[in-house]
Amino acid sequence: MASAAAVVHPAPRVRGRVRPPGDKSISHRYALLAAIADGPSLIRGYSTGADCASTLRCLRGLGVTVEQATRLAGGGTDVRIAGLGPRGFRPPGSILDAGNSGSTIRMLAGILAAQAFATSLTGDESLCRRPMRRIIVPLERMGARIASEDGRPPLTIHGTASLSPIDFTPEVPSAQVKSAVLLAGLHADGTTRVHETIATRDHTERALVAFGGRVTTADGTVAVEGGQRLRGCDLLVPGDISSAAFWMVAASALPDSEVVVDEVGLNPTRTGIIDVLQRMGADITIDRGAAADDGEPMGTITVRHRELRRTHIEPDEVPGVIDELPVLAALATHGGELSVSGAGELRVKESDRISALADGLRRMGADIEEQPDGFHVRGARRLRGGEVDAHNDHRLAMAFAVAALGATGPTTIHDAGAAAVSYPEFFSVLESLRA
Ligand code: S3P
């Protein structure tokens with residue numbers, strides 16, 4: 001379904017202070033674990049994005065009581081979840097809708113593999129195009145049966161109370177796949193192991209510990225023992241560094257800019273964006289918080305503009321910046337140069353992010369070359385602006401907006417409303433940072 005368009009005018013600079021919405025990846029995990037824990041949980045600063053609302057909607061469909069309370073200033077909502085224990089879900093009366101959220105459908109599938117009933121999960125047009133074999137294969141090896149539309153949603157998960165543990169090496173580095181297997185493993189009869197050749201975000205591992213679970217990580221292998229019970233708890237979700245990335249890039253791009261980002265997550269599996277921005281020339285100061293909160297470190301990041309340089313992102317580095325690649329391409333349109341390889345996964349995100357990104361930036365006047373597994377942007381010429389299509393992809397809508405700030409004329413972004421999937425406040429924050 002198409003969403004509203006936005007017109008973004010150029011900006012000479014951005015200046016100000018931002019508290020990004022609660023981290024999307026962490027919000028999903030806290031909600032899912034709270035639902036299968038014993039006792040109540042309070043999740044403070046839960047993401048305001050539509051994706052995390054999809055996770056709550058699916059949990060309600062499974063009989064979980066979820067209450068949402070007052071919004072914190074810019075920081076999300078507070079969510080109370082009454083945990084039902086490891087096998088307390090009720091078979092849903094109808095198909096569950098994961099909306100646009102790959103994290104919801106893939107991670108929830110891991111939990112549903114262990115529930116002894118059938119659940120059907122679907123999503124929007126984009127989600128129904130995305131590959132699910134990556135979770136179907138391991139979850140079926142563990143004993144669940146999963147029907148799909150040729151490896152894509154809708155999925156019907158026939159769970160079982162007797163899952164077998166597996167040793168599994170995902171074909172693509174993916175935290176969602178790792179998490180689905182670990183969450184199923186939590187209910188299996190023995191120890192489940194996931195081997196990672198390239199490390200991906202470790203929020204599930206940290207969240208399991210916060211909920212009183214045991215998980216070990218050594219030499220790229222994450223192991224979880226089955227039969228554990230989790231305990232409900234009170235957690236604060238740090239601000240989302242993937243949402244903060246738009247302002248970090250805007251401040252790096254525009255002369256005389258300075259943006260301070262408060263209470264932002266600094267988990268080392270997510271801070272690749274800081275390394276890349278520094279290599280491209282940005283002046284970044286990090287003030288780490290006094291103590292890590294519930295296993296998830298957070299702090300304050302200050303970003304100031306300096307002249308941009310060229311850099312390359314290697315395949316090993318890709319999982320750490322996978323969601324930031326569109327906005328890093330936008331950065332390179334402001335000067336400097338960026339090439340990326342080993343990022344073929346971008347083609348199976350909310351849109352084909354390589355082709356839709358190249359098409360949009362080119363329409364704005366960029367010099368961008370598309371490759372099967374990446375792209376190359378040369379920023380020597382200034383963008384002129386124009387009309388672009390975000391393909392209902394939140395990260396593209398916001399990346400185009402950041403590119404548009406450096407153009408000579410305005411840019412109309414079709415489907416800009418997609419930003420609400422992770423950052424509903426994005427366009428109003430953008431206006432507040434113009435200086
Ligand atoms: C996510 C993992 C990544 C990322 C997505 C969120 C997660 O996806 O792109 O936005 O929360 O685990 P993959 O696991 O498919 O790489």
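Along the sequence shown, residues are numbered consecutively beginning with 1. Start at 1 and go down the list; that is how both ligands and their atoms are numbered.
Among protein heavy atoms, atom 7 (C) of ligand 1 sits closest to R29 NH2, 3.4 Å. Annotation: atom 14 (O) of ligand 1 to nearest protein heavy atom, S174 OG, 2.6 Å. At the shortest separation from atom 1 (C) of ligand 1 among protein heavy atoms lies Q176 NE2, 3.5 Å.
Scanning D323, T269, T200, D51 for the heavy atom closest to atom 10 (O) of ligand 1 points to D323.
Looking at H376 and Q371, their side chains never bring a donor and an acceptor atom within 3.5 Å of each other. In this model, no donor atom of one side chain and acceptor atom of the other lie less than 3.5 Å apart for R134 and S174.
Atom numbering of ligand 1 starts at 1 in the shown order; those under 4.0 Å from a heavy atom of I322 are 9 (O). Here is the list of ligand 1 atoms found below 4.0 Å of a heavy atom in K349: 3 (C), 4 (C), 8 (O), 9 (O), 13 (P), 15 (O), 16 (O). Set against the non-hydrogen atoms of R106, the atoms of ligand 1 under 4.0 Å away are 15 (O). Less than 4.0 angstrom separates some heavy atom of A175 from each of these atoms of ligand 1: 12 (O), 14 (O).
Residue H203 does not touch ligand 1, judged by heavy-atom distances below 4.0 Å. When heavy-atom distances to ligand 1 are checked against a 4.0 Å cut-off, S103 comes that close only through its side chain, counted from C-beta outward. Proximity of H28 to ligand 1, defined as any heavy-atom pair under 4.0 Å, is not found for any part of the residue.
D352 meets the salt bridge (Lys or Arg N to Asp or Glu O under 4.0 Å) test with R347; sequence neighbours excluded. A search for salt bridge (Lys or Arg N to Asp or Glu O under 4.0 Å) contacts involving K24 returns D51, not counting sequence neighbours.
The closest donor-acceptor contact from the side chain of T333 to the backbone of G379 lies at 3.5 Å or more, if one exists at all.
Ring geometry, F426 versus W247: the interplanar angle falls under 30°, so the pair is classed parallel (tilted spans 30 to 60°).
In terms of polar-atom proximity, R395 is not counted as a contact of ligand 1, lacking any N or O under 3.5 Å from an N or O of the ligand.
If you look at Y30 and Y46, their ring centroids are not closer than 6.0 Å.
In the displayed structure, R80 atom CZ is contacted under 6.0 Å by at most 12 heavy atoms of other residues, nucleotides or ligands.
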